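In what follows, a single structure is set out as structure tokens and then discussed.
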Amino acid sequence: MREHEYGSFHFGLSAEQEARASIVHREAVIVDMTFQGPCSPDVWTEALRTELDHTMASPHDYETAASFLVDKAIRGEFPEYRVLFDASGATAGLTGCVLRDKESLLDAAADLVRITQSLPWLRGVRRADDIRDAHTAGEHALWGMCQVNLLRPGDLDLINAGHDLGILHAAECAYNQMTFIGAGCTERYDPGLSNFGLEFVRRCNEVGVVVDTAHSSRRTTLDACAASTHPVLATHTSAAALQPHDRAKSDEEIRAIAETGGAVGVVAVPCFLAAPDAGQQAIELMLDHIDYIANLVGWQHVGIGTDWPLPLPHDIQQHTVMPLLMAMGFNDDHNIDLTATLDGFRDYRDLINITRGLLARGYSDEHVRGVLGENFLRVLEQVTG
Amino acid sequence: MNPDVATLLASSDVWDMTLPMPPPYWGTETLARYKRAGYTFVSATLQDWPPTFEGMQQCVERFKELMKEADWLTFGNSLADIDRGRREGKLVIGLNSQETCLIEEDLSRVEVLHGLGVRHMLLAYQVRNLVADGCAESADAGLSNFGRQVVREMDRVGIIVDGSHTGRRSSLEAIELSERPVIFSHSGAYSVYAHIRNVRDEQIRACAAGGGVIGVFGLGIFLGDSEARAKIVFRHIDHIAALVGPEHVGLGTDYVPFFPLKDYASEWEAFDLEPWPDPANAWPDPPDPELPADECRCFQPEQLAELIEIMVANGYSNEVVKGILGTNFKRVYATAL
């Protein structure tokens with residue numbers, strides 16, 4: 001493992017600015033809206049890797065691989081888990097469910113209990129203040145994000161149930177492909193929300209679950225913004241105007257989301273942010289997207305949703321994650337390279353590079369805090385209290 | 001019954017492609033009426049509602065168990081089974097699915113459904129699902145990416161694609177994509193009565209061009225006659241026959257014992273049927289003030305004889321009538337079974 005100093009990307013900050021960046025980052029309540037951390041491929045020692053290899057039932061055993069480090073942490077065998085979480089500066093991470101049936105909700109609820117019971121420095125979330133309280137206590141929180149939404153007509157009560165169980169604070173309309181609710185962003189047609197999709201938005205509004213349009217198509221995003229009486233999120237996306245991609249949001253969508261009072265989170269996924277033949281990109285590119293959105297609709301409506309890097313060794317990702325992604329609407333045209341990271345964001349200990357980079361671009365402390373998490377918290381507060 | 005009609009019936013395959021059999025109506029009464037009326041094959045919808053995979057498997061298993069006692073009934077998934085059953089003087093029951101949502105995202109379930117006995121499956125019931133838009137979706141989206149995979153898989157395993165309840169665009173795409181004839185198991189002609197459940201001339205033409213068949217249903221509220229008389233069923237049949245030829249029409253009455261609803265309102269509530277789909281989007285749309293939904297009847301098995309008489313009186317030859325009664329749908333089934 002080569003030596004690497006995290007959080008030290010060259011921004012040309014003065015010593016004073018660096019000191020201020022540290023303070024801002026430490027004092028900010030940081031919510032990366034799609035936090036795959038605190039682990040990255042970098043944290044896998046040979047010993048951990050060997051143990052994982054012996055534990056996986058097959059090379060494609062995604063479930064075992066994905067929960068391996070967390071399970072070790074729960075068993076008290078991986079104290080690094082907290083160290084890494086603290087070192088990132090992120091206040092909140094993710095729990096969440098597949099919105100499919102009662103069983104999927106209960107699975108997620110039980111998982112959340114299991115982890116919060118075992119790791120007392122991790123708490124579940126009911127209200128936005130729970131995340132703030134965790135930060136005040138020097139601890140962390142897990143809020144519920146649903147990406148895979150398979151709700152069908154007649155299932156809307158599952159939204160209430162998920163919310164009551166503390167595992168559902170935001171729900172996607174569609175992950176890439178067509179759902180009963182609407183079109184995702186890789187789908188061949190874009191009919192927007194179905195009739196049931198409108199009902200879905202209404203129920204989310206009623207219950208206090210944020211509607212998330214990250215993987216939704218253009219029309220679905222616009223329909224959701226028009227139908228929602230509450231702020232809408234796009235938790236992890238990018239600006240299509242800078243780089244077209246199925247996963248990017250057009251100016252029209254970004255404006256619509258901002259008009260609801262919502263926020264757009266920017267990813268750290270190189271293949272979404274850069275042109276396919278652009279070669280290695282740096283974190284400046286992610287900051288460019290944040291800048292673009294802030295200039296378009298205001299700093300109050302942009303955030304971070306890094307979604308990257310994924311927490312598994314690269315070769316394991318190739319055999320577990322890649323087949324899943326390909327089965328869920330992604331294809332070769334999307335240029336997904338699981339090994340690529342932005343120079344300056346290869347691990348969650350690089351989160352401070354975002355803070356440093358924004359300060360380098362002249363963002364005020366308040367604006368930086370907004371991007372890092374306050375904008376998201378405002379939305380969560382408005383929607384769920 | 002007119003002796004000529006009786007003779008014609010006795011010498012024909014008489015197929016009803018859609019007989020919903022919800023659990024509260026399990027029993028031999030309806031099937032006995034079908035047999036007496038001259039039907040030789042009915043394709044039954046045996047599903048929980050909204051349909052789940054396990055639910056359908058259980059329904060089929062339990063229903064078969066219940067029907068064991070009736071020696072005049074048999075189940076048939078192949079043409080050989082169906083022909084043998086008819087030779088033995090039995091009513092043959094086939095199986096259909098009125099939704100693809102029970103496969104969820106699992107393509108391998110298509111083959112399992114085939115193993116269960118399903119021989120035709122409609123793409124989307126009224127509203128949008130993972131595969132297609134239903135006919136009540138104003139967006140009228142075509143097949144999704146996954147939907148195209150499902151159609152190809154249905155072709156591969158041998159389940160006929162059915163466009164009833166499905167949206168216009170999705171049905172047209174399925175017809176274009178499928179290598180087999182596509183059917184509309186139970187629909188009417190939009191040109192005769194404008195209702196979202198009826199198919200446009202464009203769909204009829206495309207279906208026929210692919211060798212498919214449209215089964216005309218018997219629900220008064222979709223046909224445009226609250227009494228659901230034989231002559232309104234004939235009007236829909238006749239329109240399709242005139243447009244593309246009588247070899248592309250058949251019967252899919254969609255007979256349900258609980259019409260008119262007003263006579264069974266309390267029973268309907270007692271069944272505690274799930275709100276699938278959202279009643280606001282289901283049917284009818286738009287509501288016709290001349291056809292109060294809860295008063296409309298449906299075409300009874302016993303009305304078949306009158307329907308045949310009307311066809312004959314309108315110059316339909318015996319061969320044409322036999323085609324409509326069953327050989328047209330049999331021809332389509334032969335491409336897969």
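Not measured: the values here are computed from a predicted model. Letters A, B, ... are given to chains in the order of the sequence lines, protein chains preceding strands, and every chain is numbered from 1.
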* Region of Gln149(B) in contact with chain A, defined by heavy-atom distances below 4.5 Å ->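 Neither the backbone nor the side chain of Gln149(B) comes within 4.5 Å of chain A.
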* Okay, side chain of Gln177(A), backbone of Asn145(B): is any donor-acceptor separation there less than 3.5 Å? ->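 Here the side-chain-to-backbone pair does not exist.
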* To do: Please check if the side chain of Asn129(B) supplies one atom and the backbone of Thr179(A) the other of a donor-acceptor pair under 3.5 Å.
  =>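 No, because the side chain of Asn129(B) does not come within donor-acceptor range (under 3.5 Å) of the backbone of Thr179(A).
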* **Pairwise side-chain contact, Arg128(B) with Pro191(A), heavy-atom cut-off 4.5 Å (strictly under)** =>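 Of all side-chain heavy-atom pairs linking Pro191(A) with Arg128(B), at least one is under 4.5 Å.
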* Residue selection (most heavy-atom pairs with chain A, distance under 4.5 Å) from Leu143(B), Val131(B), Asp140(B), Asp133(B) ->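 With the most close heavy-atom pairs to chain A, the winner is Leu143(B).
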* Gap between atom CZ of Phe196(A) and atom CD of Glu137(B) - 0.5 Å precision ->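 Here the rounded value is 10.5 Å.
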* Separation between CZ of Arg152(A) and OG1 of Thr52(B), rounded to the nearest 0.5 Å ->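 Between atom CZ of Arg152(A) and atom OG1 of Thr52(B) there are 7.0 Å.
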* To do: May I ask you to decide whether Arg100(A) forms a salt bridge with Glu105(B), counting only side-chain N to carboxylate O separations under 4.0 Å?
  =>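 Glu105(B) and Arg100(A): salt-bridged.
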* Heavy-atom closest pair, residues Asn195(A) and Ala136(B) ->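 Answer, listing the atom of Asn195(A) first, then Ala136(B): ND2-O, 3.1 Å.
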* To do: Determine the minimum heavy-atom distance between Met178(A) and Ser144(B), stating which atoms define it.
  =>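 Nearest heavy atoms, Met178(A) then Ser144(B): CB-CB, 3.6 Å.
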* Asked: What part of Ala183(A) lies closer than 4.5 angstrom to a heavy atom of chain B: side chain, backbone, both or neither?
  ->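 The backbone, not the side chain.
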Are there over 12 heavy-atom neighbours, none belonging to [X], within less than 6.0 Å of that residue's [atom1]?
| X | atom1 | answer |
| --- | --- | --- |
| Asp106(B) | CG | yes |
| Tyr62(A) | OH | no |
| Glu54(B) | CD | yes |

* To do: Is it possible for you to check whether Arg188(A) lies under 6.0 Å from the centre of the six-membered ring of Phe146(B), through NZ or CZ, and within 45° of that ring's axis?
  =>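 The answer is no; the distance or angle limit is not met.
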* Under the side-chain contact (heavy atoms from CB on, under 4.5 Å) rule, what do Phe180(A) and Val127(B) come out as? Steps first, then yes or no, please. => CA-CA 8 Å; Phe180(A) 296 86; Val127(B) 296; 5.7 Å; no
* To do: Walk me through it: do Asp101(A) and Glu104(B) pass the test side-chain contact (heavy atoms from CB on, under 4.5 Å)?
  => CA-CA 12 Å; Asp101(A) 51 25; Glu104(B) 295 185 89; 5.6 Å; no
